[in-house]
There are 2 protein chains.
Amino acid sequence: MADINILAAPPAQAERAAPAERGEDAPLVDLIELFFFAYRDFVGDPDEILAPIGFGRAHHRVIHFVNRHPGMRVTDLLDILRITKQSLGRVLRELVDEGFVESRAGASDRRQRLLFPTPKGETLARQFTEIQGRRISRALDACGPNGREGAYRFLLAMINPDDRAAVERLIQRADKARRA
Amino acid sequence: MADINILAAPPAQAERAAPAERGEDAPLVDLIELFFFAYRDFVGDPDEILAPIGFGRAHHRVIHFVNRHPGMRVTDLLDILRITKQSLGRVLRELVDEGFVESRAGASDRRQRLLFPTPKGETLARQFTEIQGRRISRALDACGPNGREGAYRFLLAMINPDDRAAVERLIQRADKARRA
DNA sequence: CGAAAAAAGTCAACATGGCTGACATAAACA
DNA sequence: TGTTTATGTCAGCCATGTTGACTTTTTTCG
């Protein structure tokens, strides 16, 4: 009785809940699973772009953040990614060697290496944000008028309380720089 | 001028936007980054529980799905996790060996191996859903009255269109079984 | 000035969790 | 009875994380 394909389409007569009320009283565990599936597909987008170039997810993350926050220090990137210097070093070297990222000594503190995307890096980064942005945009369309604010608040509140302020600062700083 | 700590707290006089309107007109790229940070912390929860036992994220995912959908076939799990039989096999063997998961031959098709959590596995799975559920619950609180419905729709619409129906069926099937 | 601390980089070794390819077994199906 | 399906397994490889030790350059501070 339990051994049927639990992913198969149901017999034709089965009906789903009306779209208008879908998810209204979904248990938390539903949202846990949706979050898992959503992220799986979300990171699948850049995977497809990177596979032909021989890069992976680690490269995606670095290119994204360097492009979004040009001039960031290596330490900043380490804090964001929460990986070790050695792990980052490997990926960063490949990106510099292949001309996606450039690292220059800091002006006021010459110990620092500030990271910038090259034009090649910018082009790649734009592809990432375009495809992921389209996915998010589609998702917001499914949420009605206040969807964007709701998604922003939901995702922000999913972050550890101690880190929220830093993340918001990071984001707002980048937005401001972009508008300038 | 660019080489300062981009994650540091700003000087005291800087003010953030009023909470009421936060995120209202956030660019899509903000949401991309928030999604990244949110998931990072979301999977950090089970990581902490698993580290002492010597298990990793792969084990978390298997225990979660087996517990939530008891009696699922190995093939179902492969479809959900999108990994190879060999990768799953390694993890599954460890979980069976250490008594977290049990696999029984299917009743109507004896080639199948149906997966069930042991009491030990259930206990562990409950810890995962509790801590992750608390995080989600907190996040929903930040979203106002229709937060749950909004989050459900947003996350569902983030999933590849082709997979949405299967995911919803999976979830609803599990909810129904749980209520029964 | 000189010592200490900070930013970055590097080497080596190892763990986890993906992957491919090849192959084996049992059960179901046509 | 032959083929397909569901599962499992061996062997090896790759990407990306980890720890620990150590170096170089530059800044900071007593």
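Here is the naming used below: chain letters follow the sequence lines, and residue numbers restart at 1 for every chain.
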I need the [atom1]-[atom2] distance between [X] and [N], as an integer number of Å.
{"X": "L78(B)", "N": "dT5(D)", "atom1": "CG", "atom2": "P", "value": "16 Å"}
{"X": "H59(A)", "N": "dG17(D)", "atom1": "NE2", "atom2": "C1'", "value": "13 Å"}
{"X": "R73(A)", "N": "dT26(D)", "atom1": "CZ", "atom2": "P", "value": "17 Å"}
{"X": "D47(B)", "N": "dT18(D)", "atom1": "CG", "atom2": "P", "value": "11 Å"}
{"X": "L114(A)", "N": "dA7(C)", "atom1": "CG", "atom2": "C1'", "value": "11 Å"}
{"X": "L88(B)", "N": "dG8(D)", "atom1": "CG", "atom2": "C1'", "value": "11 Å"}
{"X": "L50(A)", "N": "dC19(C)", "atom1": "CG", "atom2": "C1'", "value": "17 Å"}
{"X": "L77(A)", "N": "dG9(C)", "atom1": "CG", "atom2": "P", "value": "11 Å"}

Is there a donor on the side chain of R90(B) or the base of dG18(C) sitting less than 3.5 Å from an acceptor on the other? yes
Is [X] close enough to [N] that one of its side-chain N or O atoms is under 4.0 Å from OP1 or OP2 there?
{"X": "T84(B)", "N": "dC19(C)", "value": "yes"}
{"X": "R61(A)", "N": "dG17(D)", "value": "yes"}
{"X": "S87(A)", "N": "dT16(D)", "value": "no"}

Aromatic rings [X] and [Y]: how do their planes relate, parallel, tilted or perpendicular, breaks at 30° and 60°?
{"X": "F154(B)", "Y": "F35(B)", "result": "perpendicular"}
{"X": "F42(A)", "Y": "Y39(A)", "result": "tilted"}
{"X": "F55(A)", "Y": "H59(A)", "result": "parallel"}

Closest to the side chain of A58(B), out of dG17(D), dG17(C), dG8(D), is dG17(C)
Given dG9(C), dA6(D), dG8(D), identify the nucleotide with an atom nearest to the side chain of R113(A). dG9(C)
Evaluate R40(B) against D47(B) for salt bridge (charged side-chain N to carboxylate O under 4.0 Å, His left out), listing each step before the verdict. CA-CA 11 Å; R40(B) 183 190 68 177; D47(B) 280 358; over 6 Å; no
For R73(B) and D79(B), what are the C-alpha separation, side-chain angles and deciding distance, and is it a salt bridge (charged side-chain N to carboxylate O under 4.0 Å, His left out)? CA-CA 10 Å; R73(B) 302 174 310 158; D79(B) 285 346; 5.7 Å; no
Search all heavy atoms of R135(B) against all heavy atoms of I159(A) and return the closest pair with its distance. NH1-C, 3.9 Å
When every non-hydrogen atom of F36(A) is compared with those of R61(B), the smallest separation belongs to CE1-CD, 3.5 Å
Any non-hydrogen side-chain atom of R68(A) less than 4.5 Å from a side-chain atom of D175(A)? yes
Indicate, with a heavy-atom threshold strictly under 4.0 Å, whether G89(A) touches base, sugar-phosphate, or nothing. nothing
Contact class for R57(A) (heavy atom, under 4.0 Å): base, sugar-phosphate, or nothing? sugar-phosphate
Identify, residue by residue, the members of residues 91-102 of chain A with a heavy atom below 4.0 Å from DNA chain D, and return them in order of residue number, or none. none
Would R90(B) and E94(B) pass as an ion pair if we require N to O under 4.0 Å? no
Presence of salt bridge, D141(B) and R153(A), under 4.0 angstrom: no
Protein proximity profile, nucleotides 22-30 of chain C - base contact B, sugar-phosphate-only contact S, no contact -, cut-off 4.0 Å on heavy atoms: B----BS--
